[in-house]
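Reviewing the structure listed below.
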Amino acid sequence: MYFVDNIATSGVYGQVINYKNGGSNTVDPNVGNWDYSVVILYDNNLASDGLKNDTNIKNSALHEIGHSLALAHTNISNSTERASSVMTAGTDTFKNRNITSPSTYDKGELKYK
């Protein structure tokens, strides 16, 4: 499921919650299986931080969809590769919000999963 919402915590642009057992329990996708994911984008923070445009919304949505597929934030040390990954953490100084499609690194991580 996909939602657009608001959140009181500043600097958070999206979130994914994975559920199992028909939605009665949350689960870490790196630890166990899940039945479905809820992807949320936070409109108020995108707007207040000047990120509410097509490119940044696509980047944030793609990043969160990556989490719904059990992709973690990039942990690669190569700054060029990290800057081209949609899974780079939003707080990372190499975060490139112009990315609107998965990189070779992202695709490789998904294939590995």
Side-chain angles (χ1 to χ4, degrees):
M1 292 189 274
Y2 302 93
F3 294 97
V4 175
D5 203 352
N6 294 311
I7 189 171
T9 307
S10 63
V12 177
Y13 307 115
Q15 179 180 13
V16 173
I17 306 168
N18 298 299
Y19 292 95
K20 66 178 181 176
N21 297 332
S24 60
N25 297 311
T26 60
V27 64
D28 178 342
N30 296 306
V31 175
N33 294 327
W34 64 100
D35 297 324
Y36 69 95
S37 298
V38 174
V39 175
I40 308 163
L41 293 182
Y42 295 115
D43 182 72
N44 62 319
N45 286 342
L46 288 165
S48 67
D49 290 352
L51 300 173
K52 195 173 175 183
N53 60 53
D54 282 353
T55 301
N56 290 322
I57 291 169
K58 287 176 185 176
N59 175 273
S60 296
L62 183 61
H63 178 91
E64 298 306 331
I65 289 169
H67 283 313
S68 76
L69 297 171
L71 294 180
H73 288 138
T74 54
N75 59 3
I76 49 180
S77 58
N78 180 313
S79 61
T80 303
E81 258 188 272
R82 197 163 74 216
S84 68
S85 170
V86 73
M87 294 310 299
T88 300
T91 56
D92 192 318
T93 56
F94 294 102
K95 176 70 173 178
N96 179 350
R97 295 202 167 270
N98 292 322
I99 299 169
T100 57
S101 62
S103 70
T104 302
Y105 172 83
D106 299 322
K107 291 174 187 177
E109 287 296 294
L110 189 55
K111 286 178 186 177
Y112 175 77
K113 294 279 180 185

What pair of heavy atoms forms the shortest contact from [X] to [Y], and how long is it?
| X | Y | value |
| --- | --- | --- |
| Asp49 | Gly11 | OD2-CA, 4.1 Å |
| Trp34 | Ala70 | CH2-CB, 3.6 Å |
| Met1 | Tyr36 | CE-CE1, 3.5 Å |
| Gly50 | Asn56 | O-ND2, 4.3 Å |
| Val86 | Asp106 | N-OD2, 2.9 Å |
| Thr74 | Ser85 | CG2-OG, 2.8 Å |

> Side chain of Lys113, backbone of Leu69: donor and acceptor closer than 3.5 Å?
Replying inline: no
> Short question: side chain of Asn6, backbone of Asn44 - any donor-acceptor pair under 3.5 Å?
Replying inline: yes
If hydrophobic clusters are built by linking Ile, Leu, Val, Met, Phe, Trp and Tyr wherever their side-chain heavy atoms come under 4.5 Å apart, do [X] and [Y] end up in the same one?
| X | Y | value |
| --- | --- | --- |
| Ile7 | Val38 | yes |
| Ile76 | Leu110 | no |
| Phe3 | Ile57 | no |

>> Are more than 12 heavy atoms, taken from residues, nucleotides or ligands other than Lys52, located less than 6.0 Å from that residue's NZ atom?
In response: no
> Would one find more than 12 heavy atoms of other residues, nucleotides or ligands at under 6.0 Å from atom CG of Asn21?
Replying inline: yes
> Given Asp5 and Tyr42, is the side chain to side chain contact (heavy atoms under 4.5 Å, CB included) satisfied, shown in steps?
Replying inline: CA-CA 5 Å; Asp5 203 352; Tyr42 295 115; 4.2 Å; yes
> Does the side chain to side chain contact (heavy atoms under 4.5 Å, CB included) test come out yes or no for Ser103 and Met87, once each step is laid out?
Replying inline: CA-CA 9 Å; Ser103 70; Met87 294 310 299; over 6 Å; no
Taking C-beta and beyond as the side chain, do [X] and [Y] meet within less than 4.5 Å on heavy atoms?
| X | Y | value |
| --- | --- | --- |
| Asn96 | Thr88 | no |
| Pro102 | Leu62 | yes |
| Arg97 | Leu51 | yes |

Distance check, rounded to the nearest 0.5 Å: [X] atom [atom1] versus [Y] atom [atom2]?
| X | Y | atom1 | atom2 | answer |
| --- | --- | --- | --- | --- |
| Leu46 | Asn53 | CG | CG | 9.0 Å |
| Asn75 | Tyr105 | CG | OH | 4.5 Å |
| Tyr19 | Ser24 | OH | OG | 10.5 Å |
| Thr100 | Asp54 | OG1 | CG | 10.0 Å |
| Ser101 | Lys107 | OG | NZ | 6.5 Å |
| Ser37 | Gln15 | OG | CD | 11.5 Å |

>> Between Asn45 and Tyr13, does the side chain to side chain contact (heavy atoms under 4.5 Å, CB included) criterion hold? Intermediate values first, please.
In response: CA-CA 6 Å; Asn45 286 342; Tyr13 307 115; 3.9 Å; yes
> For Thr55 and Asn98, does a side-chain donor sit closer than 3.5 Å to a side-chain acceptor?
Replying inline: no
> Do Lys95 and Asn59 pass the side chain to side chain contact (heavy atoms under 4.5 Å, CB included) test, and can you show the C-alpha distance, the side-chain angles, and the key distance before you say yes or no?
Replying inline: CA-CA 10 Å; Lys95 176 70 173 178; Asn59 175 273; 3.3 Å; yes
> Mind checking whether His67 and His73 have parallel, tilted or perpendicular rings, split at 30° and 60°?
Replying inline: perpendicular
